[in-house]
J.: 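Quick one: structure below, then a few questions.
Chain naming here is simple, since letters A, B, ... match the order of the sequence lines and numbering starts at 1 in each.
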Amino acid sequence: MRTSDHRPAALIEGGAVFPHRHLTGIDGLQPHEIAFLLDEAETWVEANRTHATPDKRLAGLTQINAFFENSTRTLLSFEIAGKRLGADVVNMHAAQSSVKKGETLIDTAMTLNAMRADVIVIRHMSSGAVRLIADKVGCPVLNAGDGRHEHPTQALLDALTIRRRKGTIAGQRVVICGDLLHSRVARSNILALTALAAEVRVCAPSTLMPAMIERMGVTAFTDFDKALEGADVVMMLRLQNERMDGAYVPSTREYRLRYGLTLDRLAKAAPDALVMHPGPMNRGVEIDSAVADHARSAITEQVEMGVAVRMACLDVLTRRARGVEGWA
Amino acid sequence: MRTSDHRPAALIEGGAVFPHRHLTGIDGLQPHEIAFLLDEAETWVEANRTHATPDKRLAGLTQINAFFENSTRTLLSFEIAGKRLGADVVNMHAAQSSVKKGETLIDTAMTLNAMRADVIVIRHMSSGAVRLIADKVGCPVLNAGDGRHEHPTQALLDALTIRRRKGTIAGQRVVICGDLLHSRVARSNILALTALAAEVRVCAPSTLMPAMIERMGVTAFTDFDKALEGADVVMMLRLQNERMDGAYVPSTREYRLRYGLTLDRLAKAAPDALVMHPGPMNRGVEIDSAVADHARSAITEQVEMGVAVRMACLDVLTRRARGVEGWA
Amino acid sequence: MRTSDHRPAALIEGGAVFPHRHLTGIDGLQPHEIAFLLDEAETWVEANRTHATPDKRLAGLTQINAFFENSTRTLLSFEIAGKRLGADVVNMHAAQSSVKKGETLIDTAMTLNAMRADVIVIRHMSSGAVRLIADKVGCPVLNAGDGRHEHPTQALLDALTIRRRKGTIAGQRVVICGDLLHSRVARSNILALTALAAEVRVCAPSTLMPAMIERMGVTAFTDFDKALEGADVVMMLRLQNERMDGAYVPSTREYRLRYGLTLDRLAKAAPDALVMHPGPMNRGVEIDSAVADHARSAITEQVEMGVAVRMACLDVLTRRARGVEGWA
């Protein structure tokens, strides 16, 4: 019952459907607003599979993907999403840009704005950088990941994947396991899943567990086997290479032993538990190949939902500027 | 009175409107030709602000941006300009290309030409490289900056910004201050502004002042305060990082003291003096933040005019090939 | 007589015109299938020269160029080809990508597939990598060069160039000279040209000659002068920089002396012999400038045919998915 996750459509239609100018994070979104974005994304899934009738509703609009941090797959996903909708998409590889010439972030933002972008997608290594830019520009800004802060479209695509596979998000026991301390993916997912009434468990070695994470409405575990009991969804986080040097994790081998998702471990979750990973995977570290390629793995479906979610966000955020009826 | 800057439209329409195949520099352009490009650019400014009715007049044409030198913002500006007009825009990041494999510049040019480009935009670290390529290819070539030679679209966007803010260019006292010795921006600006009858003053430390620059029709100053007296426009040049090592400038701190545009210094210019900078800025070096963010600063407007100017150039240069009436 | 190279059109139309889902190599293609692709490419040559009526038959389709190995000109050619046909083209610069983060090739392929690409163009440093990916994805895959294995579109564009200049390929004496050991260009060309009944001679220093290359139906020479006798086409291979270090070739100077194409040497070929090179050229090493710029050089025409051939391949491979009549 998908509607259990959000307020009835009629009620939403009556008021401000999505009153936010930017999407800088899941934080601050109402549950029905999250559900609205998922519903919108849902409408693109089938279209993306057939490519039957191109819908170029963003034709004439300029989308700038300003990536201050490299990210091949997220950039690709946003680029495909924008182009499918007909936008003029330009990528700014800011890692090799004026930023290096000493220009301030605000000046870069003002420059993009002055070029009359209609929507700016930003990836940045600093938490809060996206919010800073959003405050300065005259067009919607979409956060494609900033520091340890948020990665809202990742949380939306994960939520959509769960909703499609499980029918609903409310009441699902979701275990998020890995480097919670540095993970914007975990943070956005916790915000989205708790908002949609899932039961969220987090699991990490104590060195990678944020202090007072329970305040986010989750239950914290350091024992992965215990966390997995009765889990409906197991969401593994990527172990970044830079954490493998011994400061946080003794070795990748030991990490796998205690926190890697193996077939044996998966057996402790519910029989129909869903396996998820935001990618790219370290096979044999946080997830075993037998699990990644399991019939219950939704990992490639997550990637697919990513494009649909980003199309929905680009569409919704530009409706006001495009003068779509009811959004002016 | 905008028309004071150029010959009457009727007269222009009667003859060859813009008889040049390429735009390799401001040098060689007649004042009415410069004014014609500014008029054309003017028509795109409003369209860029509303994105109301996409005008894809370059649909089906291939624009290659061949950047042999990195330049995030100029590349972005040309890419947006081309895509707004509907061109198929492809970027060749030549800094990591065949050029490194030992291919000659001419061979690279012949390759781009053989792919049937309709317009090629080139950025190159060597003065004259763009002219060399222009001589070898069968399509219009646009100079996006070559060595210390020229950067014509920068001069055009600067002129357009001045014309819009001041109503006219003729008679304006424009001070250009900074590294004149290495600056193609300064060179193209001097050529354009003197052609349009502005009174141009240049100012630099003697180590960064080209010999016999007065021959370009400008007055040279080493004392910035004196140069600023009664200035209508103050155009600051970026101090390139590679000049800060002591060879040309003792230190950035001393440079700021003598050649940085501070609020105090700006007070020596005319009360309504316009502040300009081609970006990216070194805040606190050649320009203070209080000046850069001042109400009289036209710095972000320059960026906006950049897209309009590049659209105009792409449009005008491809008219012959597109068989536009009166251009065949 | 162009038709001498392939079976009559009627006969082809009756059966499966091009029954292959992917183009991973020339190996496995029937002569009439190769000729069919050349015929298709031929239809784009004139259109590319005039750009008269844009034919956006791939509108709405997503083409991903996944280049795991840098290649400016091949990428540019595929990008232009796709955009001319209206596809949404996105480049994945995999050299700086997730691959570096330890993701497996198959996972990368699954990711591209999940984004619902309609055609994937792959360049990879490992032989067989393209085939591996092709087996895993649900859309056509085009090999843009993999390791020492194949570079089929290069062979097709070379064949098209020969056919246009010589009227036919059958019976032409083609000499391929250079680093045959490491060259996928040579391999694909040998496969295509022998399939189309050319008489192929290969020539290389013994250190760069694959063992038992005669089994591919060619005659092997180490003496370039002898190989050139009566040659109708002389195809020079690029000497990669990494071969010049002494391991395979004593010095570039000595290489040029024995295997460089000079004017004197060209005189040993047939009077109307065609000169070809896949580019980028090392002028003064494997080919002299006087030869490269000779009236009989077809080098820039090869580049031009490259775009036409790639348009044909993109069009043909996506016909089934697009529901083109007779291809479903």
J.: Could you go through the side chain to side chain contact (heavy atoms under 4.5 Å, CB included) check for A:N48 and C:T62 one step at a time?
T.: CA-CA 10 Å; A:N48 282 341; C:T62 301; over 6 Å; no
J.: When you look at A:L75 and C:V90, which way does the side chain to side chain contact (heavy atoms under 4.5 Å, CB included) test go after all the steps?
T.: CA-CA 10 Å; A:L75 176 59; C:V90 291; over 6 Å; no
J.: Around A:R253, counting heavy atoms of other residues, nucleotides and ligands shown, do more than 12 lie under 6.0 Å from its CZ?
T.: no
J.: Is there a side-chain contact between C:D107 and A:I299 in this structure, where contact means two heavy atoms from C-beta onward sitting under 4.5 Å apart?
T.: no
J.: In Å and rounded to the nearest 0.5 Å, what is the CD1 to CG distance from A:I80 to C:L112?
T.: 7.5 Å
J.: Could you state the interatomic distance from CD (A:E304) to OG1 (C:T111), rounded to the nearest 0.5 Å?
T.: 12.0 Å
J.: Hey, which of A:E301, A:Q302, A:E79 has the most heavy atom pairs under 4.5 Å with chain C?
T.: A:E79
J.: Chain A: which of C:R116, C:R322, C:M110 shares the most heavy-atom pairs with it under 4.5 Å?
T.: C:R116
J.: Heavy-atom pairs under 4.5 Å with chain A are the metric here; pick the option from C:V89, C:D88, C:N91 that has the most.
T.: C:D88
J.: Find the one option among C:A114, C:G60, C:G138, C:A321 whose heavy-atom pairs under 4.5 Å with chain A are most numerous.
T.: C:A114
J.: Look at atom CZ of A:R258 and say whether more than 12 heavy atoms of other residues, nucleotides or ligands are closer to it than 6.0 Å.
T.: no
